[in-house]
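Before any comments, here is the structure.
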4 protein chains.
Amino acid sequence: MGTHTQRRTDTRQRIQDVALELFAEQGYEKTSLREIAERLEVTKAALYYHFKTKEDILISVFQDLTGPLDELVAWGEAQERTLEFKKELLRRYSEALNQAAPLFRFMQENQAALRDLKIGELFKDRVHALLGVLKDDTAPLPDQVRCVSALFTLHASMFLLKDLDGDFEEKRLAALEVAVDLVTQAHQHA
Amino acid sequence: MGTHTQRRTDTRQRIQDVALELFAEQGYEKTSLREIAERLEVTKAALYYHFKTKEDILISVFQDLTGPLDELVAWGEAQERTLEFKKELLRRYSEALNQAAPLFRFMQENQAALRDLKIGELFKDRVHALLGVLKDDTAPLPDQVRCVSALFTLHASMFLLKDLDGDFEEKRLAALEVAVDLVTQAHQHA
Amino acid sequence: MGTHTQRRTDTRQRIQDVALELFAEQGYEKTSLREIAERLEVTKAALYYHFKTKEDILISVFQDLTGPLDELVAWGEAQERTLEFKKELLRRYSEALNQAAPLFRFMQENQAALRDLKIGELFKDRVHALLGVLKDDTAPLPDQVRCVSALFTLHASMFLLKDLDGDFEEKRLAALEVAVDLVTQAHQHA
Amino acid sequence: MGTHTQRRTDTRQRIQDVALELFAEQGYEKTSLREIAERLEVTKAALYYHFKTKEDILISVFQDLTGPLDELVAWGEAQERTLEFKKELLRRYSEALNQAAPLFRFMQENQAALRDLKIGELFKDRVHALLGVLKDDTAPLPDQVRCVSALFTLHASMFLLKDLDGDFEEKRLAALEVAVDLVTQAHQHA
DNA sequence: AATGAATGAGCCTTCATTCAT
DNA sequence: GATGAATGAAGGCTCATTCAT
């Protein structure tokens, strides 16, 4: 069983993995296709058999890892904006982030490089949709900021708290707690 | 007198200005010296009269704009960690950021690119020092996260709140309010 | 019977057709096997089942379409060089060209590319043989030029008179008339 | 004297010379910048100091060598279309071609490659302008063809008569004679 | 204080071709 | 009769940097 599917080599997947790893480590611009190819012990041309351009590699990774997030947004937009719901949204978002941590770390750290890589928009769009669900455009500015901050706190927990003591999961939960708190405050002022 | 000295710094300063502008706009890697030179209507070689390398331009900008921050850190480290002091620190930090907004926007968006540019460290060091002053290593994790969040909220206010209504200064103050709040909570739990 | 043989040549023939079309349209060098394969909705590798190299595709097209011309040359060389014969030769040549117009257009426009593609010689050889039949090596230079011109006028009529009014066949006949005229003059001076 | 102008090296000119030589010899597509650079014993990058793209090299050569032709067209368009004038035009055209023989040989042999190299148009435009001066749109088709033929005969004399005996200048004049003849016939029928 | 000329390394991409299946 | 996967070579181009002037 499965032998048939096996026929297709896993090169495509391996390219995506290595690419994400290197992109996250060194940035998109500074990672050359030569590097990716060498790491995989194939030629650069092989990459082009599987992907049309360098950007395409990134896009494919993005699309593969971004599914859960899309679902989350879709789900969120259909819900009533109760406090309990918002908390749940943050919980799920934190988990989704956790799933694709390297990708999000990459997105966060390469905003400049992504600015004109169509994909930049895709990312921004998602975050915006999420924000739209959390915050109330008519609320006082500080409360709106709280919502943005909540989201960023979750992002940051993926890669910015290395210097704090404690293991990764502990820190993720701490960040979630803070985010929930921020959103709660924003919600209650309303 | 003075005209002579004035002349001397003129081009150098213009290089820094244009470089920062372009770096912030397009990212460090994607901005070429050719581009900078063209914008200034001088040759690339002229840049090398004033700076030893591309990175040097960035460093010089950083150092020029970062002075107030260094003073802030120095001042902060000498203070007693009362709540009032921490609030003041945030206030001053927000102002310092405001002064050199494009630089900080750049720093935030080019973390990947900066990773192996000695300067990356410089930036991290400053933020760390500041964090060291604000937070208590022995506090519960969520409270430590609150302090990190506070700082990031201030950073974010420099470039991430474009989509919110309200003018820049309003938003800066809102962010400051949220940051103060976060730090206050962290402080009071202690 | 026959259906089997039919099938066999099918793809091969289609490759030749598409290849000629693209070669004529964009030139030999600028037409890639990928392009040909895509147009046919097969893989590049399939082309290699039918032909050994890219050049082989061109050669095969050439040989398929060039038969009538070879016969013409053979016939011509056996004839006595009367004026009437020469006129007939031009008439037949014009028709032969007409039959394989895209090929000749291609040959005309890709001389440079063909120079080191063994096939270039084949083409030149044919034209030369024809010229040998038409012109007299001992005639005054201008008359020899007339014969060359006659041939080129026929070639040109295949693709260069687009800008003139009139339909294709009309123009072909006009070119034939001019060619006949040129050869007649050359002949009569002798 | 002259020492100052001498400062500017002649590299730019040498690039143009070598490029034209190679383009004419092997065709545009098949000539790589590496080849040009090697022949000149400079690096590829040096070519890019002097020209923005490969096509730019070709364009610059074209523009340098094409001046006399432009003047000819301009002059021609201002003249009355007497037979004597047309003869004179052909004479001058033949000389202009002679001046830039390799370029025209190149143009003739690389039509396919030039088709999408903006420059192709430039060339066609010139020939068309010339044709517009020579031929009468209302004349019988064969006479129009004669004018086209006349021009092509001159072109051909630049590179296609190698196989005929006689030296280059002799052949050029023979071709001119034939061209004059063709145009004369066309003119007199009117 | 700045330029003109050039370099060496490297980049992304495309190509014709091969071969096991 | 054709495909999927891959290769080696090369192509055009850009970049940070150097240095004599």
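Any value given below was found using the heavy atoms of this structure, including those in side chains, with hydrogens, waters and symmetry copies removed. Just so it is clear, the model here is predicted, and its values are computed rather than measured. In what follows, chains carry the letters A, B, and so on, assigned in the order in which the sequence lines appear, proteins first and then strands, with residues in each chain numbered from 1.
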Nearest-angstrom distance from the residue atom [atom1] of [X] to [atom2] of [N]:
X	N	atom1	atom2	result
D:I57	F:dG12	CD1	P	10 Å
D:L33	F:dG11	CG	P	9 Å
A:K30	F:dC15	NZ	C1'	13 Å
B:I15	E:dA1	CD1	P	11 Å
A:I36	E:dG10	CD1	C1'	15 Å
A:L47	E:dT14	CG	P	13 Å
D:E38	F:dG11	CD	C1'	13 Å
A:R12	F:dG4	CZ	P	14 Å

Between [N] and [X], is there an OP1 or OP2 to side-chain N/O distance shorter than 4.0 Å?
X	N	result
A:Y49	F:dA5	yes
B:T53	F:dA16	no
B:R34	F:dT14	no
B:S32	F:dT14	no
A:T11	F:dA5	no
B:H50	E:dA2	yes
A:T43	F:dA6	no

Determine the minimum heavy-atom distance between [X] and [Y], stating which atoms define it.
X	Y	result
C:I15	C:L47	CD1-CD2, 3.6 Å
D:P102	D:A24	O-CB, 4.0 Å
A:L103	A:L65	CD2-CB, 3.7 Å

Parallel, tilted or perpendicular: rings of C:F123 and C:F104 (30°, 60°): tilted

Side chain C:S60, main chain C:I57, donor-acceptor under 3.5 Å: yes

C:E55 side-chain N/O to C:K118 backbone N/O, donor-acceptor pair under 3.5 Å: yes

Among F:dT17, F:dT14, E:dA2, the nucleotide that comes nearest once only the side chain of D:A45 is considered: F:dT14

Per D:K54 side chain, nearest of listed nucleotides E:dT17, F:dG4, F:dG12: F:dG12

Where at least one partner belongs to residues 33-44 of chain C, residue pairs that pass side-chain hydrogen bond (donor to acceptor under 3.5 Å, both in side chains), sequence neighbours excluded: C:E21-C:R39, C:Q26-C:E35

Secondary-structure stems, DNA chain E, at least 3 Watson-Crick or G-U base pairs under 3.5 Å: E:2-21 with F:2-21

5' precedence on DNA chain E between D:V42 and A:E55 (nearest-nucleotide basis): D:V42

Within 45° cone and under 6.0 Å: A:K54 NZ/CZ vs A:Y28 ring: yes

Most 5' of C:E41 and B:K52 on DNA chain F, judged by nearest nucleotide: C:E41

Side-chain donor/acceptor contact of C:K44 with base of E:dT17 under 3.5 Å: yes

